[in-house]
**Q** 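Just dropping this structure here.
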Amino acid sequence: AAVEGNTARGAIGERIAALYLQLAGCTILERNLRFEHVEIDLVIRDGGCIAFVEVKTRRGSSFGGACEAVRPDKIRILRRAARWYLYRASPGALADEYRFDLVSVDCDLPGGTMELRHLKGIA
């Protein structure tokens, strides 16, 4: 049951992140892009830049906040998936710049609040 709760919470966090990014002027290019055993949550265009976005959703802080959940091995795997995406992208879809972002959604904070953070260029 905990896995189902985590999956549902993750899907909600990804929808919140996508909406936030769209409101910030970004275009969603891909959602849940899969490459081998890796999933890139969102691929966005932010002006002249394509960003590969990892979304982390946490409920409470007993295991650390969402930002602490992205370790160097995860970044390495995301880079590999991003190279695959860029290799198969049509020339018109390419950009001058690329980056890796993290959108963290921390839920159920004291007072029933939610905190969303968008960290650009985490790697």
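Because the structure is a prediction, the values reported are computed rather than measured.
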**Q** Starting at CD of Glu39, measure out to CG of Leu78 and round the result to the nearest 0.5 Å.
**A**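 So the gap between those two atoms works out to 10.0 Å.
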**Q** Using every non-hydrogen atom in the two residues, find where Ile40 and Ala82 come nearest and quote the distance to one decimal.
**A** CD1-N, 3.9 Å
**Q** Heavy-atom distance under 4.5 Å between the side chains of Arg58 and Cys107, does that happen here?
**A**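 SC-SC contact between Arg58 and Cys107 ruled out.
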**Q** Taking all non-hydrogen atoms of both residues into account, name the closest pair between Asp101 and His118 and its distance.
**A**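 What the structure gives for the nearest pair is OD2-NE2, 2.8 Å.
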**Q** Going hydrophobic residue to hydrophobic residue with side-chain gaps under 4.5 angstrom, can you get from Tyr98 over to Leu119?
**A** yes
**Q** Give, for atom CG of Leu42 and atom CD of Gln22, the distance between the pair rounded to the nearest 0.5 Å.
**A**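 Taking CG in Leu42 and CD in Gln22, the distance rounds to 9.0 Å.
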**Q** Taking the ring of Tyr85 and the ring of Phe52, is the distance between their centroids below 6.0 Å?
**A**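 Yes, the ring of Phe52 comes within the 6.0 Å limit of the ring of Tyr85, centre to centre.
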**Q** Does Leu21 belong to the same Ile/Leu/Val/Met/Phe/Trp/Tyr cluster as Ile12, with side-chain heavy atoms less than 4.5 Å apart forming each link?
**A**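 Yes, same cluster.
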**Q** Can you find a heavy atom in the side chain of Asp106 that is under 4.5 Å from one in the side chain of Arg117?
**A** yes
**Q** Quick check: closest heavy atoms across Gly13 and Thr57, and the distance to 0.1 Å?
**A** CA-OG1, 3.2 Å
**Q** What residue among Thr27, Ile50, Val103, Ile28 forms side chain to side chain contact (heavy atoms under 4.5 Å, CB included) with Ile44?
**A**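 Filter result, single survivor: Ile28.
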**Q** Hydrophobic cluster membership, with links at side-chain heavy-atom distances under 4.5 Å among I/L/V/M/F/W/Y: are Leu116 and Leu19 in one?
**A** no
**Q** Between Arg88 and Glu30, is a salt bridge (Lys or Arg N to Asp or Glu O under 4.0 Å) present by the stated rule, with each step listed?
**A** CA-CA 13 Å; Arg88 73 172 187 87; Glu30 302 272 353; 3.6 Å; yes
**Q** Output, in order, the C-alpha distance, side-chain angles, deciding distance and verdict of salt bridge (Lys or Arg N to Asp or Glu O under 4.0 Å) for Glu54 and Lys74.
**A** CA-CA 10 Å; Glu54 176 72 7; Lys74 177 67 173 186; 3.7 Å; yes
**Q** Report the C-alpha distance between Arg79 and Arg83 in whole Å, list the side-chain angles of each, state the deciding distance to 0.1 Å, and finish with yes or no for side chain to side chain contact (heavy atoms under 4.5 Å, CB included).
**A** CA-CA 6 Å; Arg79 284 181 192 265; Arg83 280 193 300 272; 4.0 Å; yes
**Q** Indicate the atoms forming the closest heavy-atom contact of Arg99 with Gly121, along with that distance.
**A**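 Nearest heavy atoms, Arg99 then Gly121: CD-N, 3.9 Å.
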**Q** May I ask you to test the Met114-Val105 pair for a side-chain heavy-atom distance under 4.5 Å?
**A** yes
**Q** What are the two closest heavy atoms between Lys120 and Asp46, and how far apart are they?
**A**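 Distance-wise, the nearest heavy atoms are NZ-OD2, 3.6 Å.
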**Q** Please identify which of these residues, Ile75, Ile122, Val55, Asp41, meets the side chain to side chain contact (heavy atoms under 4.5 Å, CB included) condition with Leu102.
**A**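 By the side chain to side chain contact (heavy atoms under 4.5 Å, CB included) criterion, Leu102 pairs with just one of Ile75, Ile122, Val55, Asp41: Ile122.
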**Q** Run Glu36 and Trp84 through side chain to side chain contact (heavy atoms under 4.5 Å, CB included) and show every step you take.
**A** CA-CA 10 Å; Glu36 294 179 355; Trp84 169 79; over 6 Å; no
